[in-house]
Structure formats: C-alpha cells, structure tokens
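Have a look at the structure below before the remarks.
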Amino acid sequence: MAQEDIFKKLVAHCKEYGYVFQSSEIYDGLGAVYDYGQNGVELKNNIKKYWWDSMVRLNENIVGIDSAIFMHPTIWKASGHVDAFNDPLIDNKDSKKRYRADVLIEDQLAKFEEKMNKEVEKAKKRFGDSFDEQQFRETNPRIIANQEKWNKLHVRFAKALNDSDLAELKQIIEDQEIACPISGSRNWTDVRQFNLMFATEMGSTAEGASKIFLRPETAQGIFVNYLNVQKTGRMKIPFGIAQIGKAFRNEIVARQFIFRMREFEQMEMQFFVKPGTELDWFDKWKNTRIKWHKSLGFGDDNYRFHEHEKLAHYANAAVDVEFKFPFGFKEVEGIHSRTDFDLSQHQEYSGKKIQYYDPELGESYVPYVVETSIGVDRMFLQVISASYQEEEIESSNGKKDTRIVLKLPPILAPVKLAVMPLVKKDGLPEKAREIIDELKFDFNCQYDEKDSIGKRYRRQDAIGTPFCVTIDHQTMEDQTVTIRYRDTMEQDRVAIADLRSIISEQISYKQLFANLK
RNA sequence: GCGGGAGUAGCUCAGUGGUAGAGCAUCAGCUUCCCAAGCUGAGGGCCGUGGGUUCGAUCCCCAUUUCCCGCUCCA
C-alpha cells in the first residue's frame, strides 16, 4: 500500500478511536489546530512523562520549570524573534514564487553597488597603483549617479520598513521595475505581512493595554529564569533546565495533520556549559537523544541525523533527529549549540548580569548553551505512525481477515489492561470488576462485556492496549485468568495474584532507561 | 499565499432540480460462543457554511471555510 494511503488511514484511525480530533470541528474546524481525545491525551501524557523522567529524574544536574506563556515583550526583541518573525512577502503571479519584499529591494540595492564596484575595478586596471579610490568614487559621474539612486532607494526603503508601510514596499518594487528572477515578469501581488508571532493585549483598558506575544518557543522562559534556578537550586555548571509547554506560531502553511500546527507543545532542555566545551556537550546530547528515540523500539533504520549547513544566527552547531514518517523523513527533534547568544542578549536588554562564577577558573562567564528541543506532537505522530499496523490473519471461519493494531510501546499505551468476562453471567462480570478495582490504582484499566470476546480483543488492538485479561468459568474455581498479549495474540493462564507483577515488569522504565546511559 | 481535487450518518461511500439511502460502527434485548461479521429492534444527517438562479437546490452558479496533493515558506 502506498505510504500516503497509510497516512490517510492513520489520520482516520486517530479520529475514530479518540486519539486526535480537529479543533472546533462542529464549527467547520479551525485551520491547523487539533484536539487530543480520550486516548490521545493519555498517550501524550505518557510521552511527556517518558521524556521528563529521562531528563529530570535520570540526571542529577537537570531540573525542570514551568514558565508562563505570556512574557515581557522585550524578551522577544532580545531573542531576535520580533525581527526574524516579521517578513513582508510578495508573490509573483506568473511564476507563483514567493519572495520576501525586503530581500527583493535589498537585491536591487546590491545591483547598484555592483555597478559602482565595476566602475572602480575598471579604473583600477587603467590607473594601477596610483589610483585613489576614494577620490574616484567622489568624482566619477556614473558612480555618482548610481550612488544617488542607491541613497534615494535606501532612504525610502528604510522608511517604508520602519513604518511597516506595505503599500510603499510594493510601490518601490514597481518603481524600481524589479522583475521575478524565474518568470522575468513584474506581475506582483500586494505585499503582505506575515507575523509569525501571535499577539494579544494585556491590560483591560484600551489606553493601558500593551501588546504582548504568545511565546513562539519555550526556550526563552528557561533563559530568563537561568539566574533564579541556578541560584535557588545551587546549580553548578554543567547543568540543565527542562520544560514542557505550549508554543504558538502563525504558520503560513500549516499542514500534514499534527506535524505542523499553529498551537503546539515543546519539550526542551537547555544545558548550560563552560565556554569552549559546548561542542563536546553537543555531541554528547546528540548521542543521548538518538538513544532515547531508539529505546522505544521503532527500528533504528527509521532514524537519521540531518546536519544543518546554514546555521541560525545564534548557533555554532545544529543537527536534527529525523524520523521516517509515512510522508518521508522529517524533523522530530533539534539539537543546537546556541553559544552564549541568548543569555548575552538578555544580559544586554535587561541590564542584569547573567553570569556564572566558576570556582575552578576563579572567574565569571556567560554560560554557553546546548539545547535539545523536541515537538511533543511530532513525537506523538512518530509513535502512532510507527505503531499502526494492518495485519492479514486467518479468521475462525477460514477467511482472510485484516487486523488493525496499534503496537504502541506498552509504557506509552493509553490503556494498559482490559479486563473482560468471557460471558456476562454466572458472576463473571462481578469478578472482572473485582480485578479492576484491585489494579486500577496501578494501571489504566478498561472493562468491556459487549459483543463476542474476539471482537472485544480487536477493539483493544485498535487502541493499542497491550494486555487483555479474560475471566472464564475456570477463574471462579481456581482464581486464574487468561492474559492475552496484543502483539502475538497468544495467551497464558496466570494467577490473578500475579497480574500486577507481570504487567509492571512489562511497563517498567528500568530497561528503557538502561539504554540511555 | 498560489494552482488542482474534495466536502452527504461515527467510518467508507451511493444518489436525485421535487425536502435522503447502503454497508460497517453505536445503543438496547436475545444468543454464551477465547480472536471482529448470529437474531430482533432503536437512535443518528436543516447533504460544510452563506448568497444567487428557480415555484422549489443536497444537486446548477458565486463566495467562503475545512481537508488532501503540488508549489512556496520553515531560528
């Protein structure tokens, strides 16, 4: 079956079995926003717990925080988001290509510079060593003409950008007769602003209200709390701060189900290190994180690293962990060496000294940061797409049958255990309830007595329940039940008293965590 | 955002210018059978939304919204 078909079925399955619903569906939905259903929320919580425990519980030198979504607006100036997330865009109607309007105009400025430089080059060849470039630039008529054009355009462009005057940017592009490099045409749409940060107002009166942003990443909440945590937690470098929380980006194109959403959740850990050691720590975390992914057993071949060639303004090394989704290898997690960019910026903008006194060195420094940042929703999609299987099996009447099963890692499964009476009489239902009452404090249990036992097993397969316990007449005599395993469909007869330890062992972190060290 | 396709029951889909159907699913009862399809019955849809044409629109036209594919974008 084609991968796209599997993806479609997966999306349908997520809805049908209470994993993921489209947001506001009864009102026609809201673009690229999704809700998690009764099973989805359990899976998502389990994913978050698995990450959190592997960070905070497993590492003495990593602690967690939970910072607010609203933050002081200056934070986003310091972080660079206000500038980087505000792009005036324009489309060429013929080539259907989209450009940043400011980049088009900057290219035009560069063309003038190029022309001037060419004149200088020519003159250099002609006059040799005795050539005075400064004087030449001031006197050559062609350079003067170009310089004038450049100056005029630059002033106009800077003003338009400063005023966020989109119509003026469009007018500049028209006046400069800038053409699309692909189609060569000057058939442009209007310039539109795509502000990737959501804004709202804080303060209830119009005059007193100030514009604030919904955070586009959780990392800044960690950076601005660096001093608080380091001091109150008596943290010594190297140490990390972990956080799970929502972030918001007004994506131009948000698609592929929950892969790219406008409201999403991140699990981030910022690791503070001594300057100069950051690349060693970068390698260490790269290694640790890929082990974490592989520990879930979805197949090592389904992961790869993608090294960034073009680095962001703050980074000196960056790598993505990519997973093979039904629509191809895509980023799940990013590991970035962010240098001291963020803390230095906050130091500058806030005026507070954000440094660490290193007793070994006997001096203070702004720590360097290695970040691991994973999208919860992408992780969710990874887990569920890797787990979704359609199996051809032989039915009892000899016919071929398709069994749809979510082979979720038991530790992540929403429901760990279904307890069902083989028939709903002779005291079997009561016995089943008794077992659930005993085990529900340890595991998420589900009771089902409707339909044939085979049908009930299939229902549990569809939501990924790893264990089904069935009460039959023998149970009433000797206190044993059958336990049926989701993946193999095999059954064992075991004592009721042993159920807790059997299941506990299968959903223990211990083995998974052993692989992380 | 641009181009293309689609939107009918929880799911998969029929259907017609005269105010809607099937299979599966759901629920109740019977059946008691350890791997989904036994019997009986029930609930559920202003046919994505708004406007237009028409005596009358789920169907034709326009707009809009959502989803899918491609492009584009992506610290």
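Every chain is numbered from 1, with letters handed out A, B, ... down the list of sequences. Side chains are part of it too, since the values below use all heavy atoms of this structure and drop only hydrogens, waters and symmetry mates.
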Expressed in whole Å, how much space separates the [atom1] atoms belonging to [N] and [M]?
{"N": "B/A14", "M": "B/C33", "atom1": "P", "result": "42 Å"}
{"N": "B/U64", "M": "B/A57", "atom1": "P", "result": "23 Å"}
{"N": "B/C61", "M": "B/G4", "atom1": "P", "result": "15 Å"}
{"N": "B/U49", "M": "B/G7", "atom1": "P", "result": "13 Å"}
{"N": "B/C74", "M": "B/G15", "atom1": "C1'", "result": "44 Å"}
{"N": "B/U19", "M": "B/U58", "atom1": "P", "result": "11 Å"}
{"N": "B/C60", "M": "B/U66", "atom1": "C1'", "result": "23 Å"}
{"N": "B/A42", "M": "B/G23", "atom1": "P", "result": "14 Å"}

Between [X] ([atom1]) and [N] ([atom2]), how many Å, whole number?
{"X": "A/K424", "N": "B/C33", "atom1": "NZ", "atom2": "P", "result": "15 Å"}
{"X": "A/L104", "N": "B/U72", "atom1": "CG", "atom2": "C1'", "result": "14 Å"}
{"X": "A/M420", "N": "B/A36", "atom1": "CE", "atom2": "C1'", "result": "12 Å"}
{"X": "A/F329", "N": "B/C74", "atom1": "CZ", "atom2": "P", "result": "23 Å"}
{"X": "A/R262", "N": "B/C74", "atom1": "CZ", "atom2": "C1'", "result": "13 Å"}
{"X": "A/Q38", "N": "B/G10", "atom1": "CD", "atom2": "P", "result": "15 Å"}
{"X": "A/R403", "N": "B/A37", "atom1": "CZ", "atom2": "C1'", "result": "17 Å"}
{"X": "A/R456", "N": "B/C34", "atom1": "CZ", "atom2": "P", "result": "10 Å"}

Among [options], which nucleotide has an atom closest to any side-chain atom of [X]?
{"X": "A/K455", "options": "B/A36, B/C67, B/C27", "value": "B/A36"}
{"X": "A/K450", "options": "B/G10, B/C35, B/C27", "value": "B/C27"}
{"X": "A/D451", "options": "B/C67, B/U26, B/C11", "value": "B/U26"}
{"X": "A/K15", "options": "B/G10, B/C73, B/A36", "value": "B/G10"}
{"X": "A/L422", "options": "B/A36, B/U31, B/C34", "value": "B/C34"}
{"X": "A/R260", "options": "B/C73, B/C35, B/U66", "value": "B/C73"}
{"X": "A/R459", "options": "B/G10, B/U26, B/U32", "value": "B/U26"}

If we call it a pair only when both distances are under 3.5 Å in a Watson-Crick or G-U wobble match, what pairs with [N]?
{"N": "B/U64", "answer": "B/G48"}
{"N": "B/A9", "answer": "none"}
{"N": "B/C74", "answer": "none"}
{"N": "B/G17", "answer": "none"}
{"N": "B/C34", "answer": "none"}
{"N": "B/C59", "answer": "none"}
{"N": "B/U54", "answer": "none"}
{"N": "B/G43", "answer": "none"}

Using a strict cut-off of less than 4.0 Å between a Lys/Arg side-chain nitrogen and an Asp/Glu carboxylate oxygen, indicate whether [X] and [Y] qualify as a salt bridge.
{"X": "A/E390", "Y": "A/K9", "answer": "yes"}
{"X": "A/R433", "Y": "A/E430", "answer": "no"}
{"X": "A/E322", "Y": "A/R304", "answer": "yes"}
{"X": "A/E391", "Y": "A/K407", "answer": "yes"}

Establish, with yes or no, whether the OP1 or OP2 oxygen of B/C34 is under 4.0 angstrom from a side-chain nitrogen or oxygen of A/S452.
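Answer is no, no contact under 4.0 Å.
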
Distance below 4.0 Å between A/Q22 side-chain N/O and B/C67 OP1 or OP2:
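Answer is yes, contact under 4.0 Å.
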
Tell me which of A/R493 and A/H336 sits closer to the 5' end of RNA chain B, going by the nucleotide each one is nearest to.
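Closer to the 5' end of RNA chain B: A/R493.
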
Relative to the 5' end of RNA chain B, which residue comes earlier, A/Y17 or A/H308, by the nucleotide with the nearest heavy atom?
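Of the two residues, A/Y17 wins.
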
Could you tell me whether [X] contacts a base, only the sugar-phosphate backbone, or nothing, with contacts defined as non-hydrogen atoms closer than 4.0 Å?
{"X": "A/E217", "result": "base"}
{"X": "A/T482", "result": "base"}
{"X": "A/D472", "result": "base"}

Classify the side chain of A/R484 versus the base of B/C34 as yes if they form a donor-acceptor pair under 3.5 Å and no if they do not.
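It does not, because no donor-acceptor pair links the side chain of A/R484 to the base of B/C34 below 3.5 Å.
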
Look at the side chain of A/Q491 against the base of B/C34 and say whether a donor-acceptor pair falls under 3.5 Å; ignore hydrogens and angles.
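It does, because a donor-acceptor pair links the side chain of A/Q491 to the base of B/C34 below 3.5 Å.
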
Looking only at heavy atoms, what is the nearest atom pair of A/D35 and A/S23, with distance?
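Closest approach of A/D35 to A/S23: OD2-CA, 3.6 Å.
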
Among residues at least two apart in sequence or on other chains, which ones pass side chain to side chain contact (heavy atoms under 4.5 Å, CB included) with A/E331?
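Residues passing side chain to side chain contact (heavy atoms under 4.5 Å, CB included) with A/E331: A/D320, A/R378.
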
Using salt bridge (charged side-chain N to carboxylate O under 4.0 Å, His left out) as the criterion, list what pairs up with A/R338, not counting sequence neighbours.
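Listed in chain order: A/E217, A/D342, A/E371.
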
Is the ring pair A/F323/A/F325 parallel, tilted or perpendicular, if the boundaries are 30 and 60 degrees?
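Plane angle over 60°, so perpendicular.
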
